[in-house]
Each structure stands twice: as C-alpha cells, then as structure tokens.
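Along the sequence shown, residues are numbered consecutively beginning with 1.
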Amino acid sequence: MFHFIWVLIIGAVIGAIAGAITKTAYGWIGNIVAGIVGSWLGESLLGSWGPSVAGMAIFPSLIGAVILVFIASLVFRGMAKR
C-alpha cells in the first residue's frame with residue numbers, strides 16, 4: 001500500500017517537472033498520469049540507469065515524461081484548432 005502511494009507521489013512530481021519544462025499544465029491527475037506513463041516510456045526506451053525512487057529511475061522517467069507531455073500538448077493543441 002505504501003509503495004503505491006510513493007508511486008503516485010513520485011509520478012506527480014515527475015509529471016509536474018515535465019509540465020514545467022514544457023510549459024503545459026494538466027492538473028494533478030494529469031501530472032500523475034504523465035509521470036507514471038512517462039516513467040514507463042522512458043525506462044522502456046532508455047533503460048533504468050541513474051538513481052531510482054519508488055521503482056522509477058529518475059532521469060529516464062523524466063525524459064519519458066517530457067516526451068509524453070510534449071506529444072500530448074501537440075495533440076491537444078491540434079484538436080483545439082478544429
């Protein structure tokens with residue numbers, strides 16, 4: 001149970017940092033989703049190197065979350081123009 005809470009907290013922090021880097025905001029739920037999915041994406045593409053917290057390698061997770069948030073912002077911006 002505590003591991004799940006840590007995953008949510010670390011996912012939210014990673015998602016918030018990714019949102020700050022890309023200058024987009026999706027709220028706390030969006031940050032958590034971006035952090036967790038971005039962590040999976042980053043570790044799938046780059047491996048699990050560097051320090052890890054709650055089972056997430058920080059640097060690949062952050063890179064994956066930035067990529068995910070950037071792509072999501074492009075998709076949502078494109079949908080809003082229609």
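- Between Ala57 and Ser48, the closest heavy-atom pair is CB-CA, 3.8 Å.
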Donor-acceptor pairs under 3.5 angstrom involving side-chain atoms of residues 69-76: please list them, not counting sequence neighbours.
unit_1, atom_1, unit_2, atom_2, d
Ser73, OG, Val69, O, 3.4
Ser73, OG, Phe70, O, 2.7

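- The two residues Gly64 and Leu41 have their closest heavy-atom pair at O-CD2, 3.7 Å.
- Shortest non-hydrogen contact noted between Phe59 and Gly50 is CD1-CA, 4.4 Å.
- Across His3 and Gly55, no two heavy atoms sit closer than the pair CE1-N, 4.4 Å.
- Scanning both residues, Gly47 and Pro60, for their nearest heavy atoms gives O-CG, 3.3 Å.
- Separation of atoms OG1 (Thr22) and CD1 (Ile17) is listed at 12.0 Å; rounding is to 0.5 Å.
- Annotation: the span from Trp40 atom CH2 to Leu45 atom CG amounts to 8.0 Å, rounded to 0.5 Å.
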Only distances under 3.5 Å count here; give the side-chain donor-acceptor pairs of residues 27-39 to other protein atoms, sequence neighbours excluded, each with its distance to 0.1 Å.
unit_1, atom_1, unit_2, atom_2, d
Asn31, ND2, Gly27, O, 3.4
Ser39, OG, Ser61, OG, 2.9

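- Scanning all heavy atoms of the two residues, the minimum distance from Met56 to Glu43 falls at CA-OE2, 3.3 Å.
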